[in-house]
Amino acid sequence: MAVAKETQPDSYLIAEDGAGGVTLQLQNRLDVSNASEMIKQLNRLLRQKVSASLKVDLAGVTYLDDFGALVLVELKNLTLKNGGRFELKNVSDRIQGTLSLIDFDSFSGTTAIKKIRSSDLLTRLGDGTVKVAADLKYLISFIGSVCLAMLYALIHPRSLRKEDTLLNMQKIGVDAVPIVGLICFLLGLILAFMSSIQLRQFGADIYVASLVSLALVRELGPVMTAIIVAGRSGSAFAAEIGCMKVSEEVDALYTMGFEPALFLVVPKVLAALIVVPLLTLFADLFGLLGSLAVGVFLLKLSPNAYMDQSIRFLSMTDLYWSFFKSGVFALLITWIGCLRGFQVKGGAASVGQASTSAVVSSLFLIIMTDSIFAVIRVYWG
């Protein structure tokens, strides 16, 4: 047996036999401190040698950790990939224990990376259609379960979780008053300021009050309130129920005999139905105060004249219509938020996706429903 030139005498020796095989004698420690450099050097050396077999002698190895075991894995894969035979010699019990931890014998060197075929347009269309159909099926089932739970709560009032309902009323309504008031105050101020620029050209400053009041009460008040509630509470509903799904608390409710829709959804729906219309009323008032500031300080109108003009063009029908739309928006927000929460599968990433989807879906449904209501209002009244 001819011994080749030693490139790193303190770590390994490479020897070639007459049958075209190579024997690699490893020495000293083979661990995290030298594993990376060993892999680089041995790969470079062995690629230059076309051998029928590789024998690795571990008699001189004093210590082997999991990083050192990866060196042996790399050597084995390289040898088998080139069609050669791989063999370990003089393996101590301690080294064998380390190799068994990574299941060394399972590495065959023949694992091929499968190329993922990109799906064509027809496949993606079919996959999207199947997902939409499954989502629609679950949506209908969820609506049915919530309706049955609401009916059961009305027939059996004691089954309603009153503490949770009051807590949700506080979270949805009371805690949202500051942000709703601020945003709608600024919205009313902006509307009054922008409309005054045009109406002052015709000497119709006084009509700024009626324009802003109608816009706020009929459209912008309910819509802005619903958007804020969707961003605050709709996402919170989805995240709360989604976390319960991930931690299997919803499954535990089923196991204990509780109906999740009655236990989790009904208190949120009732709380939103009660407080969102009241929150809309506050939004209208703050919006009118913002427009009043413009009317008094910019248009030099008296507060009495401005408020009289604002109220004169409003009717109770407008107020009832605003409350009705707010109730519908509240149902949509709680329904889609809880639905996305129950659809969570997987881990934390799915919870985040559900929260985002709840907000986006709520905003879309709010705008779409409001546009339908606007058309109905035009032809109805």
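We use all heavy atoms of the structure for the numbers below, so side chains are in, but hydrogens, waters and symmetry mates are not. Here the structure is a predicted model, which is why all the values come from computation and not from measurement.
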Test item: [X] and [Y] side chains (from C-beta on) under 4.5 Å apart, heavy atoms:
| X | Y | answer |
| --- | --- | --- |
| Leu319 | Leu314 | no |
| Gln343 | Lys245 | no |
| Leu270 | Met150 | yes |
| Leu264 | Leu253 | yes |
| Ile190 | Met194 | yes |
| Val265 | Phe342 | yes |
| Ile143 | Leu139 | yes |
| Leu299 | Arg200 | yes |

Item to check | Cationic N near anionic O, under 4.0 Å, Lys131 to Asp135 | outcome: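 Result for this pair is no, no salt bridge flagged.
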Checklist entry - Would you call Glu240 and Lys171 a salt bridge, taking side-chain N to carboxylate O under 4.0 Å as the test? => result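 Salt bridge flag = no for Lys171 with Glu240.
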Next on the checklist: For Val276, run the side-chain contact (heavy atoms from CB on, under 4.5 Å) check against Ile228, Thr334, Val328, Ile172 and tell me which one passes.
Outcome noted: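 Only one option passes, and that is Ile172.
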Can you check whether [Y]'s main-chain N or O pairs, donor with acceptor, with [X]'s side chain at less than 3.5 Å?
| X | Y | result |
| --- | --- | --- |
| Ser350 | Lys345 | yes |
| Ser322 | Asp318 | no |
| Ser357 | Gln353 | no |
| Ser233 | Ala230 | no |

Item to check | Cluster link Leu279 to Leu281, ILVMFWY, side chain under 4.5 Å | outcome: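 No, Leu279 and Leu281 fall in different hydrophobic clusters.
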Next on the checklist: Count I, L, V, M, F, W, Y as connected when their side-chain heavy atoms are under 4.5 Å apart, and connections chain through other members. Are Ile336 and Leu273 then in the same cluster?
Outcome noted: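 Ile336 and Leu273: one cluster.
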Item to check | Working for side-chain hydrogen bond (donor to acceptor under 3.5 Å, both in side chains), residues Ser291 and Tyr306 | outcome: CA-CA 9 Å; Ser291 66; Tyr306 193 91; 3.3 Å; yes
Item to check | Full working for salt bridge (Lys or Arg N to Asp or Glu O under 4.0 Å) between Arg218 and Asp284 | outcome: CA-CA 9 Å; Arg218 289 186 178 181; Asp284 295 339; over 6 Å; no
Identify the heavy atoms of [X] and [Y] that sit nearest to each other, and give their distance.
| X | Y | value |
| --- | --- | --- |
| Leu292 | Pro303 | CD1-CA, 4.0 Å |
| Leu216 | Leu288 | CD1-N, 3.7 Å |
| Pro277 | Gly327 | CG-N, 4.2 Å |
| Val212 | Gly188 | CG1-O, 4.3 Å |

Checklist entry - Parallel, tilted or perpendicular: which fits the ring planes of Phe142 and Tyr138, with parallel below 30° and perpendicular above 60°? => result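 The arrangement is parallel - the two ring planes meet at less than 30°.
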Checklist entry - Relative to each other, are the rings of Trp321 and Phe373 parallel, tilted or perpendicular (30° and 60° limits)? => result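 Plane angle over 60°, so perpendicular.
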Checklist entry - Going by atom types only, do Tyr320 and Ser315 share a side-chain donor-acceptor pair under 3.5 Å? => result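 Checked: Tyr320/Ser315 side chains show no N/O donor-acceptor pair below 3.5 Å.
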Next on the checklist: For a quick check under 3.5 Å, do Ser326 and Thr280 share a side-chain donor-acceptor pair by atom type?
Outcome noted: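 Looking only at side-chain atoms, Thr280 and Ser326 do form a donor-acceptor pair, the distance falling under 3.5 Å.
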Item to check | Whether over 12 other heavy atoms sit under 6.0 Å from Phe323 CZ | outcome: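 It does: Phe323 CZ has more than 12 such atoms within range.
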Item to check | Distance (rounded to the nearest 0.5 Å) between Phe237 CZ and Arg232 CZ | outcome: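 Interatomic distance, Phe237 CZ to Arg232 CZ, rounded to 0.5 Å: 9.5 Å.
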Checklist entry - Could you state the interatomic distance from OG (Ser361) to CE (Met368), rounded to the nearest 0.5 Å? => result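 One gets 10.5 Å once the value is rounded to the nearest 0.5 Å.
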